[in-house]
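Because only heavy atoms are used, hydrogens play no part in the values below, and waters and symmetry mates are left out as well, while side chains stay in.
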Amino acid sequence: MAQKPLRLLACGDVEGKFDALFNRVRAIQKKSGNFDLLLCVGNFFGSTPDAEWEEYKTGIKKAPIQTYVLGANNQETVKYFQDVDGCELAENITYLGRKGVFTGSSGLQIVYLSGTESLNEPVPGYSFSPKDVSSLRTMLCSTPQFKGVDILLTSPWPKYVGNFGNSSGEVDTKKCGSALISSLATGLKPRYHFAALEKTYYERLPYRNHIVLQENAQHATRFIALANVGNPEKKKYLYAFSIVPMKLMDAAELVKQPPDVTENPYRKSGKEASTGKQTPASEEESACQFFFDLNEKQGRKRSSTGRDSKSSPYPKQPRKPPQPPGPCWFCLASPEVEKHLVVNIGTHCYLALAKGGLSDDHVLILPIGHYQSVVELSAEVVEEVEKYKATLRRFFRSRGKRCVLFERNYKSHHLQLQIAQPGAAYFYVELDTGEKLFHRIKKNFPLQFGREVLASEAILNIPDKSDWRKCQISKEEEETLARRFRKDFEPFDFTVDDD
């Protein structure tokens with residue numbers, strides 16, 4: 001029986017506006033049903049008079065939901081938090097403490113760190129130090145089989161969180177935020193990380209916690225910064241979400257990657273974190289490592305392991321993909337890639353609709369990493385290319401169609417499709433009958449040759465489509481075609497484990 005998800009609310013800086021917050025929570029619960037917890041980050045108390053708080057403290061008013069809050073971020077509000085280990089502030093309102101782990105009866109694991117960063121000794125009562133961060137990491141990461149935590153609560157943003165992600169608006173994440181929290185987030189791998197203090201809302205694209213092709217897939221992290229309660233700009237300060245505790249989830253379900261996942265923003269900035277405990281980023285790490293699932297319904301990806309064959313001409317171990325010489329339209333990590341055209345993703349390769357295709361189901365097989373031709377690939381990648389080719393043949397045959405595969409390794413930077421021959425420049429064709437045609441290019445060769453032949457009157461009889469640039473359609477039409485192909489291809493998808 002599937003575990004029922006917990007329904008949680010997260011809130012930004014309350015700043016003493018308790019009535020505004022709890023009235024909003026009541027309205028949400030009346031409309032959407034009860035939530036299990038409310039988690040508050042940032043400044044819970046403000047510089048306003050204590051009249052509102054006294055009503056909650058004395059029991060005249062009561063929070064409508066079990067509420068957990070972080071501690072002070074300034075000297076002015078230290079007085080409200082008498083016990084550094086946490087305590088009840090009022091009925092249904094609990095101070096978590098300076099730092100630690102809260103584990104609910106459901107198994108949900110919440111790590112919290114109160115205050116702002118301080119590198120000075122002695123550390124003020126409203127701050128955390130490198131030692132605090134180091135002890136949290138050691139306490140959790142040293143346990144056997146540690147995979148990560150469900151939720152991380154901090155008041156400051158992590159420094160560099162905007163790297164590789166969507167715009168963070170007016171907040172410069174290279175200057176703003178705490179490098180210590182970046183270090184903590186890197187080590188703890190929270191599924192959700194909430195922060196505040198910047199008086200703005202920012203939901204970063206989810207980021208991965210593993211290096212594609214080098215490490216086993218791990219769950220993604222979602223960072224959400226929330227605005228202050230009752231802000232006049234009506235920026236979002238309350239965030240509702242559902243979560244099944246990590247400990248109760250199937251491993252394959254846990255590591256599914258959302259379609260818009262990005263590289264880890266802290267990977268190369270870790271060395272700047274002040275603890276010195278940050279996992280260093282490999283300087284050779286490729287910017288083109290980019291892996292994501294297409295939708296949440298997709299099943300577990302099978303590992304594509306190369307066979308240990310003495311006759312194989314390909315290297316057994318996967319290599320790190322080289323850096324592209326410039327912007328690449330086909331590297332999944334590149335800003336230039338049009339991700340809406342991607343229709344299926346395996347372990348090492350992916351399928352994408354061709355831009356300005358000859359037909360609605362004209363697709364490309366491409367490696368996830370940046371490779372120019374198949375001779376640079378490991379056996380694992382070549383094996384998956386072959387799987388895609390065989391699957392596409394079956395797919396088109398089921399629809400009463402024939403298919404032709406071709407590749408040009410000439411004035412091209414990223415491998416498209418597959419070639420079984422080593423060498424310099426070439427043009428390669430593979431028919432669905434099994435026939436293979438290979439031409440070595442010695443000098444000038446028409447770049448659109450394969451397309452021009454297929455579009456000719458003798459074959460497809462669509463000569464006006466010989467140039468892809470004249471066949472482009474709107475993004476909306478491309479998205480429609482991609483959705484259609486994904487649905488049609490689903491019964492043939494070998495990347496989904498049926499177990």
Do [X] and [Y] touch side chain to side chain, with heavy atoms closer than 4.5 Å?
{"X": "Thr154", "Y": "Val41", "result": "no"}
{"X": "Leu38", "Y": "Cys40", "result": "yes"}
{"X": "Leu152", "Y": "Tyr192", "result": "no"}
{"X": "Asn43", "Y": "Asn74", "result": "yes"}
{"X": "Thr116", "Y": "Leu197", "result": "yes"}
{"X": "Cys11", "Y": "Leu238", "result": "yes"}
{"X": "Phe44", "Y": "Ile93", "result": "yes"}

What's the separation between atom CD in Glu384 and atom OG1 in Thr391, rounded to the nearest 0.5 Å?
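These two atoms lie 9.5 Å from each other.
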
Let me confirm one number: the CG-CG distance from Leu6 to Leu37, rounded to the nearest 0.5 Å.
7.0 Å

Where do [X] and [Y] come nearest, in terms of heavy atoms and distance?
{"X": "Pro206", "Y": "Arg222", "answer": "CG-NH1, 3.8 Å"}
{"X": "Ile181", "Y": "Pro156", "answer": "CD1-O, 3.5 Å"}
{"X": "Leu9", "Y": "Ala240", "answer": "CD2-CB, 3.6 Å"}
{"X": "Val261", "Y": "Ala220", "answer": "CG2-CB, 4.2 Å"}
{"X": "Glu478", "Y": "Leu341", "answer": "CB-CD2, 3.7 Å"}

Begin with the C-alpha distance, continue with both residues' side-chain angles, and end with the deciding distance and a verdict on side chain to side chain contact (heavy atoms under 4.5 Å, CB included) for Phe45 and Leu89.
CA-CA 12 Å; Phe45 294 98; Leu89 301 179; 4.2 Å; yes

Run the side chain to side chain contact (heavy atoms under 4.5 Å, CB included) test on Leu392 and Ile365 for me, step by step, so that the C-alpha distance in whole Å, both residues' side-chain angles and the decisive distance to 0.1 Å come before the verdict.
CA-CA 10 Å; Leu392 284 168; Ile365 303 174; 3.9 Å; yes

Give a yes or no on whether the backbone of [Y] and the side-chain of [X] come within a donor-acceptor separation of less than 3.5 Å.
{"X": "Thr103", "Y": "Gln109", "value": "no"}
{"X": "Asn73", "Y": "Gly42", "value": "yes"}
{"X": "Glu215", "Y": "Val212", "value": "no"}
{"X": "Glu54", "Y": "Asp50", "value": "no"}
{"X": "Ser134", "Y": "Pro130", "value": "no"}
{"X": "Thr480", "Y": "Glu476", "value": "yes"}
{"X": "Arg486", "Y": "Val342", "value": "yes"}
{"X": "Arg204", "Y": "Asn163", "value": "yes"}
{"X": "Trp157", "Y": "Ser178", "value": "no"}
{"X": "Asn166", "Y": "Leu205", "value": "yes"}

Give me the one residue out of Arg208, Lys189, His210 that meets side-chain hydrogen bond (donor to acceptor under 3.5 Å, both in side chains) with Gln218.
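Looking at Arg208, Lys189, His210, the match for Gln218 under the side-chain hydrogen bond (donor to acceptor under 3.5 Å, both in side chains) is Lys189.
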
Just to verify, which of Glu52, Glu55, Glu91 counts as forming a side-chain hydrogen bond (donor to acceptor under 3.5 Å, both in side chains) with Lys61?
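So, applying the side-chain hydrogen bond (donor to acceptor under 3.5 Å, both in side chains) to Lys61 and each of Glu52, Glu55, Glu91, only Glu55 qualifies.
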
Sorted by first residue and then second, give each side chain to side chain donor-acceptor pair (under 3.5 Å) pair with at least one member in residues 25-42; sequence neighbours left out.
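Every pair satisfying side chain to side chain donor-acceptor pair (under 3.5 Å) with a residue in residues 25-42: Asn23-Arg26.
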
Do other residues, nucleotides or ligands put more than 12 heavy atoms under 6.0 Å from the [atom1] atom of [X]?
{"X": "Arg24", "atom1": "CZ", "result": "no"}
{"X": "Asp172", "atom1": "CG", "result": "yes"}
{"X": "Lys147", "atom1": "NZ", "result": "no"}
{"X": "Lys235", "atom1": "NZ", "result": "yes"}

Once side chain to side chain contact (heavy atoms under 4.5 Å, CB included) is applied, do any residues pair with Arg191, and if so which ones, sequence neighbours excluded?
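Asp150, His219, Ile243, Met246, Met249, Leu254.
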
Do the rings of Phe241 and Tyr239 sit parallel, tilted or perpendicular, given the 30° and 60° boundaries?
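If you compare the ring of Phe241 with that of Tyr239, the planes turn out tilted.
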
Relative to each other, are the rings of Tyr266 and Tyr207 parallel, tilted or perpendicular (30° and 60° limits)?
perpendicular

Decide yes or no on side chain to side chain contact (heavy atoms under 4.5 Å, CB included) for Leu481 and Ile473, but give the supporting numbers first.
CA-CA 11 Å; Leu481 292 179; Ile473 56 178; 3.6 Å; yes

Derivation of the side chain to side chain contact (heavy atoms under 4.5 Å, CB included) call for Trp53 and Tyr80:
CA-CA 10 Å; Trp53 175 241; Tyr80 295 102; 4.1 Å; yes

Side chain to side chain donor-acceptor pair (under 3.5 Å) filter on Thr221, not counting sequence neighbours, yields Asn209

Taking side chain to side chain donor-acceptor pair (under 3.5 Å) as the test, write out the residues that go with Lys99, two or more places apart.
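Partners of Lys99 by the side chain to side chain donor-acceptor pair (under 3.5 Å) criterion come out as none, since no residue qualifies.
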
Could you check whether Tyr388 and Tyr350 have their ring centres less than 6.0 Å apart?
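No, the ring of Tyr350 stays outside the 6.0 Å limit from the ring of Tyr388, centre to centre.
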
Residue set satisfying ring pair (Phe, Tyr, Trp, His ring centres under 6.0 Å) with Phe492, at least two apart, ordered chain then number -> Phe395

Would Glu15 and Lys199 pass as an ion pair if we require N to O under 4.0 Å?
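So Glu15 pairs with Lys199 through a salt bridge.
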
Start with the C-alpha gap between Tyr56 and Phe22, add the side-chain angles, then the distance that decides, and say whether ring pair (Phe, Tyr, Trp, His ring centres under 6.0 Å) holds.
CA-CA 11 Å; Tyr56 288 91; Phe22 293 133; 5.4 Å; yes

Is there any ring pair (Phe, Tyr, Trp, His ring centres under 6.0 Å) pair reaching into residues 102-131, and which pairs are they, with sequence neighbours excluded?
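Pairs touching residues 102-131 that pass the test: Tyr68-Phe102.
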
